[in-house]
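Structure first, then comments.
Lettering of chains follows the sequences in order, A, B, ..., and the numbering in each one begins at 1.
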There are 2 protein chains.
Amino acid sequence: MLRALTLQDNGVPIYVQLRDQIAGAIGRGDLKAGARLPTMREVAVSLAVDLNTVQRAYAALEEDGLVTMVQGRGSFVADPAPPSRSRSAEIRTLAAKVAAQAQAAGVSLDELAEALRHLSGRAAP
Amino acid sequence: MLRALTLQDNGVPIYVQLRDQIAGAIGRGDLKAGARLPTMREVAVSLAVDLNTVQRAYAALEEDGLVTMVQGRGSFVADPAPPSRSRSAEIRTLAAKVAAQAQAAGVSLDELAEALRHLSGRAAP
DNA sequence: AAGATTGTATGATAAGATTCATACAATCTC
DNA sequence: GAGATTGTATGAATCTTATCATACAATCTT
């Protein structure tokens with residue numbers, strides 16, 4: 001289940017906030033493959049935001065291969081990971097995304113890398 | 001010392017990225033109270049960004065009471081040290097979040113950690 | 001005092017983001 | 001098939017971001 005979307009008045013464009021929050025929910029597993037996303041209109045109304053703005057966020061998610069939209073049905077978490085992409089490219093993409101999160105949180109990449117290695121059970125080299 | 005500032009093409013306004021990165025550096029202790037910030041012009045030139053944009057980021061930081069600017073002298077970290085609360089806990093939270101994303105993407109934590117190290121190693125000046 | 005450095009300011013311009021209003025198209029339910 | 005739901009699309013208006021060019025003011029160095 002998708003935790004309630006929230007908007008902050010911190011200069012980050014609304015559609016970026018929506019895109020990142022939903023992408024996070026998908027990556028985190030809160031929204032599993034095939035799960036239905038809230039309707040664009042639902043999001044627009046609940047957040048008092050324009051339908052076009054929500055559409056932009058959803059379109060960006062589709063662009064990233066995270067969701068698929070079907071007219072008349074709704075929007076769903078995409079089933080497969082993009083197959084045409086090489087694995088190393090996927091890793092780089094994830095790393096770039098994560099790097100942005102880390103910077104926003106004021107965490108250096110080295111700090112995060114170390115914390116991840118710690119989580120994985122191995123000690124740093 | 002302030003770690004190299006970087007910009008990402010992810011829809012977040014440049015001045016917001018600069019503001020958040022510098023605020024993070026201050027909160028993290030990379031920039032201690034009284035320390036001098038890089039010149040607005042230095043930042044503008046090194047990142048190929050307009051002086052006005054950098055000024056906007058700095059003005060936002062001054063608005064938040066994080067830095068003070070003195071004409072002719074430079075910009076400095078404000079004296080009242082910002083409350084850096086439980087930093088290691090923040091890092092662990094971020095790491096857990098990111099770990100979930102990596103797992104959803106089929107990327108091992110070690111692979112991601114290495115990719116992050118790579119990103120951090122070739123940071124632009 | 002002179003020159004260089006640094007922050008401050010402005011006005012024009014272009015691109016991006018957001019809203020409003022409205023309409024159409026595909027899908028589902030009855 | 002009729003009606004409701006949902007995604008798709010457009011065009012205008014407004015505000016925000018970012019750039020460019022230029023200039024001024026305070027401070028420091030010499």
Quiz item: Just by protein heavy atoms under 4.0 Å, how would nucleotides 24-30 of chain C read 5' to 3' in B, S and -?
Solution: -BBBS--
Quiz item: How would you list, by chain and number, every residue that makes a side-chain contact (heavy atoms from CB on, under 4.5 Å) with B/Q71, sequence neighbours excluded?
Solution: none
Quiz item: What's the CG-P distance between B/L51 and D/dT22, to the nearest Å?
Solution: 15 Å
Quiz item: By side chain to side chain donor-acceptor pair (under 3.5 Å), which residues pair with B/N52, not counting sequence neighbours?
Solution: B/D50
Practice problem: Check side-chain contact (heavy atoms from CB on, under 4.5 Å) between A/E63 and all other residues, then give those that pass, not counting sequence neighbours. | Solution: none
Quiz item: Under a 4.5 Å cut-off applied to non-hydrogen side-chain atoms, are A/M69 and A/L37 in contact?
Solution: no
Practice problem: Kindly give the cluster partners of A/Y15, where membership spreads through any ILVMFWY side chain lying under 4.5 Å from a current member. | Solution: A/V12, A/V16, B/V12, B/Y15, B/V16
Exercise. Hydrophobic side-chain clustering at under 4.5 Å (ILVMFWY, transitive links): who's grouped with A/F76? Put none if nobody.
Key: A/V70
Self-check item: Protein-nucleotide distance (A/D50, atom CG; D/dG7, atom P), rounded to Å
Solution: 15 Å
Quiz item: Is any side-chain nitrogen or oxygen of B/T53 closer than 4.0 Å to OP1 or OP2 of D/dA18?
Solution: no
Practice problem: Please state how far atom CD in A/E63 lies from atom C1' in D/dG7, giving the value in whole angstrom units. | Solution: 17 Å
Quiz prompt | B/Y58 OH to C/dA9 C1', straight-line distance once rounded to whole Å | solution = 18 Å
Quiz item: For B/Q55 and D/dA18, what is the distance between atoms CD and P respectively, to the nearest whole Å?
Solution: 14 Å
Could you tabulate the donor-acceptor pairs under 3.5 Å formed by side-chain atoms of residues 39-48 of chain A, not counting sequence neighbours?
| residue | atom | partner | partner atom | Å |
| --- | --- | --- | --- | --- |
| A/E42 | OE1 | A/T39 | N | 3.4 |
| A/S46 | OG | A/E42 | O | 3.1 |
| A/S46 | OG | A/V43 | O | 3.2 |

Every protein N/O within reach of nucleotides 11-16 of chain D N/O, cut-off under 3.5 Å:
none

Quiz item: Hey, which of these two, A/M40 or A/G11, hits DNA chain D nearer its 5' end, going by closest nucleotide?
Solution: A/M40
Quiz item: With B/A60, which residues qualify under side-chain contact (heavy atoms from CB on, under 4.5 Å), at least two apart?
Solution: B/R19
Self-check item: B/S75 side chain near C/dT6 phosphate (N/O to OP1/OP2, under 4.0 Å)
Solution: no
Quiz prompt | Member of B/L66, B/I26, B/V67 meeting the side chain to side chain contact (heavy atoms under 4.5 Å, CB included) criterion with B/L31 | solution = B/I26
Quiz item: Taking CD1 from B/I14 and C1' from D/dA18, how many angstroms apart are they, rounded to a whole number?
Solution: 7 Å
Quiz item: What is the distance from CG of B/D9 to P of C/dA15, rounded to the nearest Å?
Solution: 16 Å
Practice problem: Figure out the CZ/P separation between B/R36 and D/dC28, and round it to whole Å. | Solution: 10 Å
